[in-house]
Amino acid sequence: MDNRPIGVFDSGLGGLTAVRRLHEAMPNENIIYFGDTARVPYGTRPPETIIRYARQDVAFLRTFDLKGIVIACGTVSSVALDTLAAESDIPVIGVVWPTCARALRETRSNRIGVIGTASTIRSGAYERMLLTARPELQVFTRACPLFVPMVENGRVQRGDVVIETLVREYLSELKGQGIDTLILGCTHYPLLRGVIASYLGSSVKLIDSGAAAADAARTMLTPAGRGRGTTRYFVSDDPASFRQLAGLFLNEEIPQLPELVEITSY
Ligand code: DGL
C-alpha cells in the first residue's frame, strides 16, 4: 500500500483522458496533474524543446513526494520517455507501449493505423514498437497537427463542420488502407472519438492512449489504501479556461480553479 500521489502531465488538457481512466479504475489514488497550458502544443516543436519542457514538467511534479509519473502525452512519450526514465528514481510510465500492446491484442487483420502529432509521427515511436513486437504488421501513420488546437478549443462535436472536414482530410487515406485498428496516439484525440468513429465506421477499433497508460499505471504502481483519493490540478496559464473545458475530458467538473505554476522557473 502506497498513498503517495501519482504525478500526471501533458501539454494541456489531453492528459485528463488518462486522469479520467485513473479515477474510474483506481478511485483511491491521489493524483497531481500538471497541464502546460502556456506552451501547448508540444507536438509541433523539435525534440530538444520537447525534452526541455518535459524536464521542467517533471521537476515541478517532483516537488511532491510521488510514487510514479504518468506521461499522459503521446508527444513527450514518443520523444522523451527514455531520457526522463533514465533521470528518475521512480517509475515513469509513457503511453506508447501500453497503447501498442492494446492495439496488438485487438487487431485481427494486422493492419494498424496510428495518428498523432507531427513530432510523434516523425519520431516513429509507435511504428517501431509495433513492428518490433510483430514484424508482419502493416502500419499506416498520419500526423494530424490541427486536432490538438481544435480539442483545446472544445471543437469536438459531431456536426461541427470544421472538425468533420479535418477528420475527412486527415483520415481518408487511412480509411482506404483497410485498417481494423486505429491508435489515437495523442491523448487529446479520445475527445474526437465520436467524429472519427462516424467517419471510419464501426469496423475500426479505436485505441485510447490515455486510458492505456492509466491501465499500465495500475499494473506497475503499488496501489493506495482505502478511501477516496483526491486530485489537485496545476496549469501554467489560464486556469479558468482549463477548468471550463476539463469537464469534457473528465466527464465531471473540477471543483476548484487549478493552481497556477510558473513552469519556466523549474
Ligand atoms: N496530448 C498531447 C499528445 O498526446 C498533445 C501534444 C501537443 O501539445 O501537441 O501528444
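A quick note: this is a predicted structure, and the numbers were derived from the prediction, not measured. Counting starts at 1 for both ligands and their atoms, in listed order.
In terms of protein heavy-atom proximity, atom 7 (C) of ligand 1 is closest to Tyr42 N, 3.2 Å. Nearest protein neighbour of atom 2 (C) of ligand 1, counting heavy atoms only, is Asp10 OD1, 3.2 Å. Scanning all protein heavy atoms for the shortest distance to atom 4 (O) of ligand 1 gives Gly74 N, 2.5 Å.
Taking the charged nitrogens against the carboxylate oxygens, Glu29 and Lys67 do have a contact shorter than 4.0 Å, which makes a salt bridge. The pair Arg52-Glu48 does not meet the salt-bridge criterion, since no charged nitrogen lies less than 4.0 angstrom from a carboxylate oxygen. The pair Asp57-Arg39 meets the salt-bridge criterion, since a charged nitrogen lies less than 4.0 angstrom from a carboxylate oxygen. With salt bridges taken as basic N to acidic carboxylate O contacts below 4.0 Å, none links Asp180 and Arg108.
Checking Gln177 against Arg142 by side-chain atom types alone, no donor-acceptor pair falls below 3.5 Å.
Residue-ligand proximity, Val40 to ligand 1, at heavy-atom distances under 4.0 Å covers atoms 8 (O). Using a 4.0 Å cut-off to heavy atoms of Gly43, the atoms of ligand 1 that qualify are 7 (C), 8 (O), 9 (O). Listed by atom number, the atoms of ligand 1 under 4.0 Å from Cys73 heavy atoms are 2 (C), 3 (C), 4 (O), 10 (O).
At a heavy-atom distance under 4.0 Å, only side-chain atoms of Ser11, from C-beta outward, approach ligand 1. Under 4.0 Å from ligand 1, the heavy atoms of Thr117 that appear belong solely to its side chain. With a heavy-atom cut-off of 4.0 Å, Thr75 touches ligand 1 through backbone and side chain alike.
Residues Phe34 and Phe64 keep their aromatic ring centres 6.0 Å or farther apart.
Gly12 does not count as a contact of ligand 1, since none of its heavy atoms falls under 4.0 Å from the ligand.
Phe249 and Tyr33 end up in the same hydrophobic cluster when Ile, Leu, Val, Met, Phe, Trp and Tyr side chains are linked at under 4.5 Å.
For the pairing with Phe234, the ring pair (Phe, Tyr, Trp, His ring centres under 6.0 Å) check across Phe60, Tyr266, Phe242, Phe9 returns one residue only, Phe60.
Between Gly15 and ligand 1, no pair of N/O atoms sits closer than 3.5 Å. At a 3.5 angstrom cut-off on N or O pairs, Thr44 does not count as close to ligand 1.
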